[in-house]
Amino acid sequence: MPGFELFGDLERKEVNDVLDNGVLMRYGFDGMRKGHWKAKALESELAQTFNSKHVQLVSSGTAAVSVALASAGVGAGDEVIMPTFTFVASFEAIMMLGAVPVLVDIDDTLTLDPKAVENAITSKTKAVMVVQMCGSMGHMDALRTICTKHNLIFVEDACQAIGGSYKGKPLGSIADVGCFSFDFVKTITCGEGGAVVTNNKNYYNNADHYSDHGHDHVGNDRGAESHPFLGYNFRISELNAAVGLAQVRRLPEFIKIQKRNYSIIREALSKIPEVTFRTVPEGGEESYAFLNFFLPDLEFARQVSQSFKDNGIDACFHYYDNNWHYIRKWDHLKELKSLYPISNEVREGLQYLKNKTFEQSDAYIARNISCLIKLSWTEEEVGQRAEKMAAIIKSI
């Protein structure tokens with residue numbers, strides 16, 4: 001999903017503004033800035049992009065999840081329902097707060113199965129976190145209904161889905177609080193960065209303070225600010241924000257390219273009987289950052305995955321055998337391999353993973369191939385790639 005493929009004069013201008021005034025810190029140093037506030041400007045641009053009232057920039061997507069959960073009051077011993085298919089950052093961010101990640105099955109959207117969510121709710125459940133993996137979304141209405149029924153916080157991790165939408169609303173803006181990542185391999189990048197998005201003023205104020213050591217950011221004298229509560233350092237720098245400011249202004253350009261490239265490949269693969277595509281809920285539009293499709297079985301998918309690699313088709317992932325994105329190989333989580341003692345609440349809360357199986361998730365991930373859609377491909381290159389992919393699948 002890399003916006004870095006198309007760095008240009010816009011990014012250079014914004015970065016040079018920061019270097020010219022010499023202020024890399026997002027707060028303070030008002031007199032030196034020459035009017036440049038890149039983080040504030042990026043937050044304003046993102047609020048318009050997501051049609052949301054409040055955006056708080058942070059240092060990473062992982063930080064965004066922790067800050068979002070903390071801002072909503074999630075903490076020690078609380079259970080947060082999350083999917084088996086995501087990035088390891090999801091459970092890391094939950095555990096950092098002393099909360100317990102409760103992993104449940106996905107469905108053919110490759111996101112949370114609402115029935116699995118409903119079955120996992122206990123008296124300790126505090127939040128449900130849908131992860132909009134690989135550019136698309138879960139059954140948002142059903143998940144919202146469950147959260148409302150059980151008075152749970154609805155969290156939306158849209159780190160891989162910027163530019164997608166559901167019923168006209170940008171992904172990341174639909175739940176009570178949303179999260180984004182702007183690391184080096186996201187559709188738009190800050191190098192490192194993330195954002196918390198919400199329409200809830202209390203959540204926003206909490207995120208604003210919590211991500212900067214509890215500073216209340218009242219007035220223009222940082223040393224005189226009060227600290228309403230404890231916080232930590234999840235600040236983004238002005239240099240990172242400057243890159244993101246240029247990139248977010250190019251988001252429509254990036255999405256247009258992704259959609260063109262995605263459509264060419266999908267058209268070629270749609271003619272193959274063995275290929276079916278992930279379910280996109282009615283009213284949803286993908287960000288076109290990935291093309292996800294299913295093959296008949298695990299062995300078929302493994303053969304296609306290996307043949308893609310052998311024939312120079314890069315950036316196509318078979319997550320069943322991937323260490324980062326699927327529960328199957330998260331032994332460090334299952335065995336709680338930590339540099340420091342894990343709290344008893346979390347340790348006891350994660351005992352279920354020692355013997356838990358996820359047959360439904362296995363059935364989808366085993367058959368799934370997920371292909372990154374690059375921005376740097378020419379239309380001719382995409383056409384050649386599509387033909388080659390189709391020929392490889394037909395040959396298996």
Side-chain angles (χ1 to χ4, degrees), residues 14-15 17-75 93 96-97 153 155-156 159 172-173 175-183 188 190-249:
E14 298 296 341
V15 169
D17 283 347
V18 177
L19 295 177
D20 285 346
N21 68 45
V23 181
L24 276 61
M25 172 83 163
R26 74 156 295 176
Y27 298 111
F29 302 95
D30 299 33
M32 298 171 58
R33 290 182 177 272
K34 303 176 185 176
H36 296 302
W37 296 84
K38 300 304 181 183
K40 289 182 180 180
L42 178 52
E43 286 169 343
S44 178
E45 290 275 354
L46 290 169
Q48 293 182 47
T49 298
F50 300 133
N51 193 25
S52 296
K53 293 179 180 178
H54 309 293
V55 175
Q56 178 65 38
L57 284 174
V58 290
S59 54
S60 69
T62 311
V65 177
S66 281
V67 171
L69 292 170
S71 298
V74 174
M96 197 201 78
L97 300 175
I153 301 157
V155 182
E156 186 179 0
C159 289
S173 72
D176 299 321
V177 60
C179 309
F180 285 93
S181 170
F182 307 126
D183 70 21
I188 63 171
C190 292
E192 286 287 355
V196 178
V197 178
T198 186
N199 288 321
N200 185 305
K201 184 64 178 294
N202 289 332
Y203 290 177
Y204 165 68
N205 284 334
N206 289 345
D208 173 75
H209 302 356
Y210 182 75
S211 61
D212 183 31
H213 300 293
H215 278 272
D216 65 8
H217 301 135
V218 174
N220 57 9
D221 182 353
R222 186 167 172 81
E225 292 172 5
S226 66
H227 300 82
F229 48 77
L230 293 168
Y232 297 90
N233 179 9
F234 295 112
R235 294 190 304 262
I236 194 171
S237 79
E238 285 287 273
L239 276 176
N240 293 101
V243 177
L245 182 58
Q247 290 259 297
V248 74
R249 290 168 176 165

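Computed from heavy atoms alone, side chains included, the values below leave out hydrogens, waters and symmetry copies.
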S.K.: Could you report the tightest heavy-atom contact between C179 and A64, atom names first, then the distance?
M.R.: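 Distance-wise, the nearest heavy atoms are SG-O, 3.7 Å.
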S.K.: So, do V197 and L46 sit near enough that their side-chain heavy atoms are less than 4.5 Å apart?
M.R.: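 Side chain of V197 against side chain of L46, heavy atoms only: no contact under 4.5 Å found.
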S.K.: Before you tell me yes or no, could you show the steps for H213 and H227 under ring pair (Phe, Tyr, Trp, His ring centres under 6.0 Å), namely the whole-Å CA-CA distance, both residues' side-chain angles and the distance that decides it to 0.1 Å?
M.R.: CA-CA 8 Å; H213 300 293; H227 300 82; 8.4 Å; no
S.K.: Hey, what do you get for OG (S66) to OH (Y210), rounding to the nearest 0.5 Å?
M.R.: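 The OG atom of S66 sits 6.5 Å away from the OH atom of Y210.
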S.K.: Between D20 and K34, is there a salt bridge with N-O shorter than 4.0 Å?
M.R.: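 The answer is no: the pair does not qualify as a salt bridge.
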S.K.: Of the non-hydrogen atoms in C190 and I236, which two are nearest, and what is the gap between them?
M.R.: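 In terms of heavy atoms, the two residues are closest at SG-CD1, 4.2 Å.
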S.K.: Please evaluate residues V55 and V196 with respect to the criterion side chain to side chain contact (heavy atoms under 4.5 Å, CB included), reporting the C-alpha separation (whole Å), side-chain torsions for both, the decisive distance (0.1 Å), and the verdict.
M.R.: CA-CA 6 Å; V55 175; V196 178; over 6 Å; no
S.K.: Determine whether V58 and S211 satisfy the following criterion, side chain to side chain contact (heavy atoms under 4.5 Å, CB included), listing intermediate values before the conclusion.
M.R.: CA-CA 7 Å; V58 290; S211 61; 3.9 Å; yes
S.K.: Aromatic rings Y232 and F234: how do their planes relate, parallel, tilted or perpendicular, breaks at 30° and 60°?
M.R.: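 Because their plane-to-plane angle lies in the 30° to 60° range, the rings of Y232 and F234 count as tilted.
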S.K.: Please report the shortest heavy-atom distance between D208 and Y27, naming the atom on each side.
M.R.: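 Heavy atoms of D208 and Y27 come nearest at OD1-OH, 4.0 Å.
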S.K.: Take H54 and K201 through the side chain to side chain contact (heavy atoms under 4.5 Å, CB included) test and state the conclusion after the steps.
M.R.: CA-CA 7 Å; H54 309 293; K201 184 64 178 294; 3.5 Å; yes
S.K.: With the threshold set at 4.0 Å, does a side-chain nitrogen-carboxylate oxygen contact exist between E45 and K40?
M.R.: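 No, E45 and K40 are not salt-bridged.
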S.K.: N200 vs V177, test: side chain to side chain contact (heavy atoms under 4.5 Å, CB included). Steps then yes/no.
M.R.: CA-CA 8 Å; N200 185 305; V177 60; over 6 Å; no
S.K.: What distance do Y203 atom OH and I153 atom CD1 have between them, rounded to the nearest 0.5 Å?
M.R.: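 So the OH of Y203 and the CD1 of I153 are separated by 4.5 Å.
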S.K.: Taking the side chain as C-beta and beyond, is there a heavy-atom pair between D176 and V155 under 4.5 Å?
M.R.: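 Of all side-chain heavy-atom pairs linking V155 with D176, none is under 4.5 Å.
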S.K.: Taking all non-hydrogen atoms of both residues, which atom of A195 and which atom of F182 are closest, and how far apart?
M.R.: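 Nearest pair, atom of A195 first, then F182: CB-CE1, 3.8 Å.
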S.K.: Quick one: are V23 and V18 in side-chain contact, heavy atoms under 4.5 Å?
M.R.: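 They are not in contact (no side-chain heavy atoms under 4.5 Å apart), so the answer is no.
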S.K.: Would you please classify the geometry between the H209 ring and the H217 ring as parallel, tilted or perpendicular, with 30° and 60° separating the classes?
M.R.: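 Plane angle over 60°, so perpendicular.
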S.K.: How close do S59 and R235 get, heavy atom to heavy atom, and via which atoms?
M.R.: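 Shortest heavy-atom contact: CB-O, 3.3 Å.
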S.K.: Drop me the distance from N199's CG to Y204's OH, to the nearest 0.5 angstrom.
M.R.: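 Going from CG on N199 over to OH on Y204, the span is 13.0 Å.
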S.K.: Distance from E43 atom CD to L245 atom CG, nearest 0.5 Å?
M.R.: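 Here the rounded value is 11.0 Å.
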S.K.: Mark yes when over 12 heavy atoms from residues, nucleotides or ligands other than D30 sit less than 6.0 Å from its CG; otherwise mark no.
M.R.: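 Yes, the 6.0 Å shell around CG holds more than 12 heavy atoms from other groups.
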S.K.: Given E238, which partner from the list H36, R33, K38 fulfils the side-chain hydrogen bond (donor to acceptor under 3.5 Å, both in side chains) test?
M.R.: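 In the set H36, R33, K38, the residue that makes a side-chain hydrogen bond (donor to acceptor under 3.5 Å, both in side chains) with E238 is R33.
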S.K.: Compare all side-chain heavy atoms of R222 with those of D212 and state whether any distance is below 4.5 angstrom.
M.R.: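 When only atoms from C-beta onward are counted, D212 and R222 do touch, with a gap below 4.5 Å.
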S.K.: To the closest 0.5 Å, what do you measure between CG (N233) and NE2 (H215)?
M.R.: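 Atom-to-atom, N233:CG and H215:NE2 are 9.5 Å apart.
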S.K.: Search all heavy atoms of E192 against all heavy atoms of S60 and return the closest pair with its distance.
M.R.: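 In terms of heavy atoms, the two residues are closest at OE1-CB, 4.3 Å.
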S.K.: Atom OG in S71, atom CG in N202: separation rounded to 0.5 Å?
M.R.: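 One gets 10.5 Å once the value is rounded to the nearest 0.5 Å.
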S.K.: For S173 and N51, test the side chains for any donor-to-acceptor distance below 3.5 angstrom and give the result as yes or no.
M.R.: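 The answer is no; no qualifying pair exists.
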